[in-house]
Protein chains: 2
Amino acid sequence: MAAWRRLVAVVELLPGVLDGQLRRDAQLTHFDYHVLAMLSEAPHRVLRMTDLATRTNATLPRLSHVVRRLEERGLVERAPCPSDGRATNARLTEAGWATVRATAPGHVATVREHVVDALSPEQVTQLAGIADALLRRLDPDGRLTGALDQSRRP
Amino acid sequence: MAAWRRLVAVVELLPGVLDGQLRRDAQLTHFDYHVLAMLSEAPHRVLRMTDLATRTNATLPRLSHVVRRLEERGLVERAPCPSDGRATNARLTEAGWATVRATAPGHVATVREHVVDALSPEQVTQLAGIADALLRRLDPDGRLTGALDQSRRP
DNA sequence: CCAGATCACTTGTACCTACAAGTGACACCG
DNA sequence: CGGTGTCACTTGTAGGTACAAGTGATCTGG
């Protein structure tokens, strides 16, 4: 079978595996986790909704709903931005931070189990190059990989 | 950044690209397309719902809803299986077959554009090996890749 | 041969996501 | 300063997916 077809199969199956593990272990969607993880890496664990949306590849409506649900669970807080009245800052609460710390190891272990351990060291190196090349097309601005321009700050 | 994190980013972005192209060009979900494609490759273009579910990595309820919608659009027909009264056979109609033929080239072109053309020939070869290794963990029975046991037939 | 278990679905309900419309807040131009 | 346009969200509605329960048909043991 052609290489691309196998890639499509991987792309079809892997999200389900990652999502399932997080749902079981932390009652979080993979997207939820991504939101919390991005916040946890930000300075003061605060980000504008717009920045958070680009970092998670989400539309603003979708992010708004998700953050509202996370806020109801006490993992995130929202507050109007002092410097720009239009903007909203999302901040990771202590409970949210604790959730990330408790969840990250299991998530990383799942990825390791299903990806890294399935490949030889050379293949891991090759994969890095391949993923890099693909992301230059899929995500030219590096929004998901953290190479975002840092000019605007909350 | 680690290789696996870039892979996760790819896995996050690629489905959206594939889905978007099919929605625009054929008003089909990527999952819808996968259902039609599996039927188009089956003998007589007929498959049991259960077989179709494993081949598309879907739960039976999900498949049932999707096939109902495809049936309403005239792309698929359902009929009770003659040999097993419990089973339902899904058959690709002429309209469905025409849709697959009309849609496949654009879909393949999209994959080519975003994947194959982004990589060097060596990388494509490497990717085949990597995807193979990953699928041995993610899909040990080869359900999505067509290596399914062929004992039960409609 | 028939009661219970299993199988192959279908249907119903709840949740999540996408798209569209609406609401204040800022920015620029005269 | 107003008025217009844009920005940054929020809310509402429709469509898709997951989980749970229900319906016949088939198998199995006594």
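For the numbers below, each heavy atom of this structure counts, side chains included, while hydrogens, waters and symmetry mates do not. Residue numbering restarts at 1 for every chain, and letters A, B, ... go by the order of the sequence lines. Bear in mind the structure is a predicted one, so any value in this text is a computation, not a measurement.
DNA chain C is contacted by A:Pro61, A:Arg62, A:His65, A:Val66, A:Arg69 of residues 59-71 of chain A, taking any non-hydrogen atom closer than 4.0 Å.
Per the geometry, CG belonging to A:Leu47 stands 16 Å off C1' belonging to D:dC9, to the nearest Å. Summarising the geometry, the separation between CZ on B:Arg78 and P on D:dG24 is reported as 16 Å, rounded to the nearest angstrom. The distance between atom CZ of A:Arg48 and atom P of C:dA25, rounded to the nearest whole Å, is 15 Å. One interatomic measurement links the two molecules: NE2 of B:His30 to C1' of C:dA18, which rounds to 19 Å at whole-angstrom precision. In this structure, the CG atom of B:Asp84 is 17 Å from the P atom of C:dT6, given to the nearest Å. A straight line from CG of B:Asn89 to C1' of C:dT10 spans 16 Å, rounded to a whole angstrom. Put simply, CG on B:Leu22 is 16 Å from C1' on D:dG16, counting in whole angstrom units. Atom-to-atom, CZ of A:Arg86 to P of C:dA25 comes out at 11 Å; the value is rounded to the nearest Å.
Under a hydrophobic-cluster definition in which Ile, Leu, Val, Met, Phe, Trp and Tyr are linked whenever side-chain heavy atoms come within less than 4.5 Å, directly or via other members, B:Val115 and A:Leu13 are assigned to the same cluster.
Seen from the ring of A:Tyr33, A:Arg23 does not count as a face-on cation partner, given the 6.0 Å and 45° thresholds.
With respect to A:Glu12 and B:Arg55, no salt bridge is recorded, no charged nitrogen being found less than 4.0 Å from a carboxylate O. Ion pairing between A:Arg48 and A:Asp84 holds under the 4.0 Å rule for side-chain N and carboxylate O.
Ring geometry, B:Trp4 versus A:His107: the interplanar angle exceeds 60°, so the pair is classed perpendicular (tilted spans 30 to 60°).
Each of A:Phe31 and A:Gly85 has a nearest nucleotide on DNA chain C; the 5'-most of these lies closest to A:Phe31. Of the two residues contacting DNA chain C, namely B:Thr88 and A:Arg23, the nearest-nucleotide position lying further toward the 5' end is that of B:Thr88.
Around the CZ atom of A:Arg112, the shell of radius 6.0 Å holds no more than 12 heavy atoms that belong to other residues, nucleotides or ligands.
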